[in-house]
2 protein chains.
Amino acid sequence: MLVDDHPLLRKGVAQLIELEDNLQVIAEASNGEEAIQKALQSQPDLIMLDLNMKGLNGVETLKSFKQADIGSKVIMFTVSDAEADVLQALRAGVDGYILKDSEPEELIEHINKAVQGELVISAPLTQILAKAFRPKVEKESILDTLTNREQQILRYISQGDSNKIIARKLDIAESTVKVHVKNLLKKINMRSRIEAALFVVENKLF
Amino acid sequence: MLVDDHPLLRKGVAQLIELEDNLQVIAEASNGEEAIQKALQSQPDLIMLDLNMKGLNGVETLKSFKQADIGSKVIMFTVSDAEADVLQALRAGVDGYILKDSEPEELIEHINKAVQGELVISAPLTQILAKAFRPKVEKESILDTLTNREQQILRYISQGDSNKIIARKLDIAESTVKVHVKNLLKKINMRSRIEAALFVVENKLF
DNA sequence: TCACAGCTACTACTTTAGTGGTAGTTTTAC
DNA sequence: GTAAAACTACCACTAAAGTAGTAGCTGTGA
């Protein structure tokens with residue numbers, strides 16, 4: 001099934017797909033709401049979903065698919081190589097993210113793989129994905145303000161350890177752990193260990 | 001600079017690199033400790049670092065570089081396409097992750113790009129990176145055991161909100177929030193809101 | 001209609017967490 | 001060799017978090 005608000009693009013892709021023996025376009029939709037209805041009716045194996053649409057956007061439409069228990073594979077098919085778009089789509093659970101400027105053969109290959117359950121991603125997105133895993137350089141300066149002991153304790157906090165457990169692991173008194181926690185929270189300007197823990201994991205410190 | 005515990009491989013790569021006018025191997029090392037010393041001496045623009053070495057492994061060596069304020073770019077050059085290895089390296093801040101079975105031209109191209117500050121990643125790793133962003137399907141069942149209200153509150157917890165703040169946001173009593181927190185912690189079998197918050201973000205629920 | 005799940009709210013209590021202050025010891029830096 | 005920073009530890013206190021039990025209200029499904 002093709003979902004895109006540009007009829008011409010749908011036609012182009014449809015023609016390309018119909019050239020393949022094992023592929024067939026069984027439905028089309030021009031927006032998210034329509035897509036949900038048609039998907040429920042026609043139960044496609046695979047849905048090619050545009051990211052930028054009026055009304056429900058691609059990610060929102062994808063989430064609606066899941067809620068409606070539509071089991072079709074979903075490939076995001078878009079021009080956007082923006083990091084935020086790619087990550088959002090992946091977090092929402094897409095089965096593929098393909099750029100519209102892909103070569104036709106590549107597109108067909110990706111479609112076939114996706115139907116078989118493989119996660120397909122356009123090659124130019126590799127760097128974008130890798131970047132998202134790297135620690136942000138500026139954030140390291142925040143760690144620099146902490147002493148070794150404080151960093152160590154922050155690491156334990158970000159693993160969910162209580163003060164008592166940290167004290168045991170470091171073989172120091174719980175009261176000492178509290179001192180360190182107090183000092184490090186003040187340094188990084190946060191009010192609770194939870195904020196600190198979430199900050200650590202979200203910014204991939206350590 | 002080349003760092004690898006196989007002399008033959010170093011020779012091969014060195015020969016390849018020396019063919020290029022703008023590239024030159026100015027140092028070699030066969031293990032992490034040696035690498036740190038030689039890097040401090042010769043200040044290379046780029047370090048090609050093997051991941052699997054005796055003594056300090058690649059990631060540990062990379063961390064030592066950072067601690068020693070060695071500003072060289074570092075490319076992890078390895079046979080491993082294991083998700084854990086790739087992610088660890090990226091989290092430690094490598095500037096590239098290249099598989100040893102890359103084509104020579106590709107290798108040279110990646111080296112040049114890395115020197116210019118670009119993050120270079122071997123194409124076959126795209127899927128591995130993308131997978132790491134997708135929610136794990138099995139984990140959704142844990143959410144299913146929670147009521148709507150409990151899910152809602154878990155979401156706030158994973159944003160670092162206190163019971164008091166959650167109560168305000170939902171316009172219910174703090175005592176009620178506590179009840180929900182108690183119940184949801186029991187359901188997901190955790191002992192504190194921190195564990196729950198970390199679980200949520202690590203598994204990309206919501 | 002009746003049982004049950006879900007949401008609400010309270011009391012009373014224990015356990016952690018966080019704040020502020022004091023203070024001794026050890027390392028590090030100049 | 002001395003001062004500063006780091007690490008240790010305690011006390012006393014307040015504030016959150018978490019536990020246990022009771023209970024009323026609402027909507028849903030049998």
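Below, read A as the first sequence line, B as the second, and so on, with proteins coming before strands; counting in each chain starts at 1.
Put simply, CG on A:N183 is 15 Å from P on D:dA9, counting in whole angstrom units. Rounded to an integer number of Å, the gap from A:L146 CG to D:dC7 P is 10 Å. Summarising the geometry, the separation between CZ on A:R193 and C1' on C:dG18 is reported as 9 Å, rounded to the nearest angstrom. The separation between A:H180 atom NE2 and C:dT19 atom P is 15 Å, rounded to whole Å.
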Is there a side chain to side chain donor-acceptor pair (under 3.5 Å) between A:S64 and A:E60 once you walk through the steps?
CA-CA 6 Å; A:S64 303; A:E60 289 162 351; over 6 Å; no
Step-by-step side chain to side chain donor-acceptor pair (under 3.5 Å) determination, A:Q152 to A:R149
CA-CA 5 Å; A:Q152 203 173 7; A:R149 207 47 153 176; 2.9 Å; yes
Checking B:E34 against B:S30 for the side chain to side chain donor-acceptor pair (under 3.5 Å) test, could you report, in this order, the C-alpha distance in whole Å, the side-chain angles of both residues, the deciding distance, and whether it holds?
CA-CA 7 Å; B:E34 196 188 340; B:S30 62; 3.0 Å; yes
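Atom CG of B:N22 has more than 12 neighbouring heavy atoms from other residues, nucleotides or ligands inside a 6.0 Å radius. For B:K187, the NZ atom sits in a packed shell: over 12 heavy atoms of surrounding residues, nucleotides or ligands are nearer than 6.0 Å.
By the 4.0 Å N-to-carboxylate-O rule, B:D4 lies close enough to B:K100 to be salt-bridged with it. Between B:K73 and B:D45 there is no salt bridge, since no side-chain N of the basic residue sits under 4.0 Å from a carboxylate O of the acidic one. A salt bridge between A:K54 and A:D5 is absent, with no side-chain N of the basic residue lying under 4.0 Å from a carboxylate O of the acidic one. With salt bridges taken as basic N to acidic carboxylate O contacts below 4.0 Å, none links B:K164 and B:E174.
Among B:V120, B:L125, B:V74, the one residue that satisfies the side-chain contact (heavy atoms from CB on, under 4.5 Å) test with B:Y97 is B:L125. Partner of B:R10 under the side-chain contact (heavy atoms from CB on, under 4.5 Å) criterion, out of B:V3, B:L2, B:V25: B:L2 alone.
For B:K11, there are no side-chain contact (heavy atoms from CB on, under 4.5 Å) partners two or more places apart in sequence or in a different chain. Scanning for side-chain contact (heavy atoms from CB on, under 4.5 Å) contacts around B:E118 gives A:Q127, B:K113, with sequence neighbours left out.
Between A:T176 and D:dC7 there is no side-chain polar atom (N or O) within less than 4.0 angstrom of OP1 or OP2.
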Could you go over nucleotides 3-6 of chain C and give all protein N or O partners under 3.5 Å, atom names and distances?
none

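At a non-hydrogen distance threshold of 4.0 Å, A:S162, A:N163, A:K164 from residues 160-173 of chain A come into contact with DNA chain C.
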Tell me, for nucleotides 19-30 of chain D in 5' to 3' order, what letter each nucleotide earns: B for a base near a protein heavy atom under 4.0 Å, S for only sugar-phosphate near one, - for neither?
SB----------
Treat primed atoms plus P, OP1 and OP2 as sugar-phosphate and everything else as base, then score nucleotides 24-30 of chain C 5' to 3': B for base contact with protein heavy atoms under 4.0 Å, S for sugar-phosphate contact only, - for none.
-------
